[in-house]
Every structure is written in C-alpha cells, then in structure tokens.
Amino acid sequence: MTLQLRIYVPPHPLIKHWLAVARDAATPSVLFRTAMTELGRWLTYEAAREWLPTLETTVNSPLASCPATLIDPEMPIAVVPILRAGLGLLEGAQTLLPLASIYHLGLVRNEETLQPSCYLNKLPEKFDPQTRVLITDPMLATGGSIMAAMAELTHRGVDPVLTRIVCVVAAPPALQQLSAAYPGLIIYTATIDETVNDQGYIVPGLGDAGDRIFGT
Ligand SMILES: O=P(O)(O)OC[C@H]1O[C@H](OP(=O)(O)OP(=O)(O)O)[C@H](O)[C@@H]1O
Ligand SMILES: O=c1cc[nH]c(=O)[nH]1
Ligand SMILES: [Mg+2]
C-alpha cells in the first residue's frame with residue numbers, strides 16, 4: 001500500500017462555529033482562547049478515533065460479564081504543543097488525553113526571513129517507537145515551523161505514521177512540504193485556506209494566533 005498524507009476537515013457544526021469565532025477580527029482574546037480550547041477538544045476527538053490504542057477485555061456488570069474495550073494504558077501517548085500558539089489547543093486536547101505526556105517545543109519565526117528558530121526543546125532524547133504523538137499548532141503557513149518540529153520528532157525516533165497534527169488553519173505550502181516528506185502523516189484541521197501572503201500570514205486565516213491567544 002502506498003502511503004499518502006491525509007488531511008481531514010471534519011464537517012462538524014461545533015468546529016465550524018468556533019472557527020468562525022476565531023476568524024472574526026472583533027473577537028477579544030478571552031473568547032479567542034475559548035475558541036482555541038474548543039477547537040483543540042473537537043479536533044482531538046476526531047483525531048483520536050482511529051489512533052488511540054485500545055485493548056479488549058472482559059468486565060463484570062452488575063448483571064453479567066461482558067466483552068469490553070479499554071484505552072490501553074501501557075501504550076505511550078505524547079502531546080507536543082508548538083509554542084506559543086499551540087498552547088491554545090492544548091487544554092482541549094489534554095482533557096481527552098489525560099494520560100499523555102506533554103513535551104513543549106518553542107519555535108518562533110523571524111519576521112523578515114520567516115525562518116523558525118527553536119528557543120525551548122523539552123523533547124526526550126529518544127521516544128519509544130510505539131509512541132502516539134499528537135502535535136498541536138493552530139497555523140500551518142509557509143510550513144517552516146511544522147517541518148522543523150517534524151524533523152526534531154523523527155530524529156528522536158517518532159514514527160510519522162503514528163503521528164497526528166491538530167491545527168486550525170492549514171495552507172498549501174505547509175501541506176505540500178509535509179506530503180513530500182511524511183506520506184504516512186495524518187492532519188486534522190478546521191479549514192484549508194488558499195493563500196499565504198508576502199508577510200507569511202494565511203489569508204483569510206485568523207491573524208497572528210499567538211498574539212491573539214495571549215493578548216500581545
Ligand atoms: O508555517 P509557518 O510559516 O512556520 O508559520 C506557522 C507558525 O507561526 C506561528 O508561530 P509564531 O512564529 O508566530 O510564534 P508564536 O506562536 O509564539 O506566535 C504559528 O503558531 C506556527 O507555529
Ligand atoms: O497566518 C498566520 C501565519 C503564521 N502564524 C500565525 O499566527 N498566523
Ligand atoms: Mg505568532
């Protein structure tokens with residue numbers, strides 16, 4: 001089977017609603033943060049469907065024993081928020097993945113060159129190769145930041161096939177690079193927008209996600 005990058009845009013009214021709130025320039029920071037939390041929650045819910053490891057067992061109900069499926073607590077799960085903006089999606093993701101380890105990765109783009117640089121790396125030296133990794137970053141624009149994050153992760157033993165990216169707005173330059181480098185990867189996004197402008201902003205997008213989350 002040939003692997004291909006897959007991009008899911010779940011057609012869910014709650015995802016559409018919170019995307020609209022996030023896009024609106026009149027939305028204040030406090031509500032923008034709520035929108036990010038809710039998008040993190042619902043997109044992670046969608047991403048978890050065929051990704052969370054389960055085990056088959058038997059439980060005794062008050063009336064009889066019956067077959068049951070549980071989340072496998074032995075399988076490592078990691079969430080990697082790309083700071084700062086990826087923190088906005090973390091709370092919603094974490095409520096659904098309470099056992100996940102959180103590894104922060106701080107990346108910031110140079111405003112002129114648009115090249116990302118890393119100022120915080122809390123990744124372990126090596127991941128267990130079975131680790132399911134969920135990356136949170138609301139914006140995939142030129143692709144520089146997500147490609148840098150994927151390079152750091154795969155270098156440490158992460159399998160792209162077990163990796164999911166939860167974002168809010170994805171743009172073609174980022175998707176093309178991810179597709180060429182990581183054909184087994186799966187992305188969950190609220191929307192795919194067509195354009196990245198000369199300043200590296202997605203249009204229509206939602207502006208600077210980090211600044212809007214933190215009111216800076
Ligand atoms: O695809 P790219 O062109 O690399 O752009 C996407 C990156 O830009 C934003 O981060 P930013 O550098 O603004 O940092 P911040 O989250 O701290 O605001 C965003 O959160 C992504 O990480
Ligand atoms: O539109 C964009 C592009 C990159 N980062 C953002 O926060 N917004
Ligand atoms: Mg920013």
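Atoms considered below: every heavy atom in the structure, side chains included; atoms not considered: hydrogens, waters and symmetry mates. Counting convention: from 1, in listed order, for ligands and their atoms alike.
- Looking at Val9 and Tyr188, their side chains never come closer than 4.5 Å, going by heavy atoms from C-beta outward.
- Every atom of ligand 1 is numbered from 1 in the order shown, and the set under 4.0 Å from a heavy atom of Gly144 is 1 (O), 4 (O).
- Scanning all protein heavy atoms for the shortest distance to atom 4 (C) of ligand 2 gives Arg109 NH2, 3.4 Å.
- A donor-acceptor contact closer than 3.5 angstrom links the side chains of Glu38 and Trp42.
- The distance from the CG atom of Asn110 to the OG atom of Ser117 is 7.5 Å, given to the nearest 0.5 Å.
- Looking at atom 22 (O) of ligand 1, its nearest protein heavy atom turns out to be Asp137 OD2, 2.5 Å.
- Under the 4.0 angstrom criterion for non-hydrogen atoms, Ile146 is not in contact with ligand 1.
- Residue, atom and distance of the protein heavy atom nearest to atom 11 (P) of ligand 1 are Arg109 N, 4.3 Å.
- When hydrogens are left out, the protein atom nearest atom 6 (C) of ligand 1 is Met139 O, 3.3 Å; that is the closest non-hydrogen contact.
- Scanning the protein heavy atoms around atom 3 (O) of ligand 1, the nearest turns out to be Thr142 OG1, 2.5 Å.
- Heavy-atom proximity to Ala141, at under 4.0 Å, picks out these atoms of ligand 2: 3 (C), 4 (C).
- Looking at atom 16 (O) of ligand 1, its nearest protein heavy atom turns out to be Ala85 N, 2.9 Å.
- Inspection of the Tyr103 and Asn121 side chains reveals no N or O donor paired with an N or O acceptor under 3.5 Å.
- Below 4.0 Å from some heavy atom of Gly200 lie the following atoms of ligand 2, by number and element: 3 (C), 4 (C).
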Working for salt bridge (Lys or Arg N to Asp or Glu O under 4.0 Å), residues Asp193 and Arg23: CA-CA 12 Å; Asp193 282 4; Arg23 279 200 198 276; 2.8 Å; yes

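- What sits closest to atom 8 (N) of ligand 2 on the protein, heavy atoms only, is Gly207 O, 2.8 Å.
- Sorting the N, O or S atoms of Asp208 by how far they are from the Mg ion (ligand 3) puts OD1 first.
- Ala209 N, 2.9 Å is the protein heavy atom nearest to atom 7 (O) of ligand 2.
- Two residues are said to be in side-chain contact when any heavy atoms from C-beta on lie closer than 4.5 Å; His104 and Pro81 meet this criterion.
- The CZ atom of Arg84 lies 7.0 Å from the OH atom of Tyr119; values are rounded to the nearest 0.5 Å.
- Put simply, atom 19 (C) of ligand 1 has protein non-hydrogen atoms near it, under 4.0 Å away.
- Here the protein heavy atom with the shortest distance to atom 7 (C) of ligand 1 is Ser145 OG, 3.5 Å.
- With 3.5 Å as the limit, one finds no donor-acceptor pair spanning the side chains of Thr54 and Asp72.
- Remark: minimum distance from atom 17 (O) of ligand 1 to any protein heavy atom is reached at Arg84 NE, 2.7 Å.
- Closest to atom 1 (O) of ligand 2 among all protein heavy atoms lies Ile202 N, 2.8 Å.
- The shortest side-chain heavy-atom distance between Thr131 and Met75 does not fall under the 4.5 Å cut-off.
- Residue contacts with ligand 1: Gly143 is placed with a nitrogen or oxygen under 3.5 Å of a nitrogen or oxygen of the ligand (distance criterion only).
- Heavy-atom contacts of Asp208 reach the following atoms of ligand 1: 18 (O) (cutoff under 4.0 Å).
- No side-chain heavy atom of Pro129 sits less than 4.5 Å from a side-chain heavy atom of Asp159.
- You'll find the side chain of Asp137 stays beyond 4.5 Å of the side chain of Ile165, heavy atoms only.
- For the pair Ile102/Val80, no side-chain contact is recorded, criterion being any heavy-atom separation below 4.5 Å from C-beta on.
- Among protein heavy atoms, atom 14 (O) of ligand 1 sits closest to Leu107 O, 3.8 Å.
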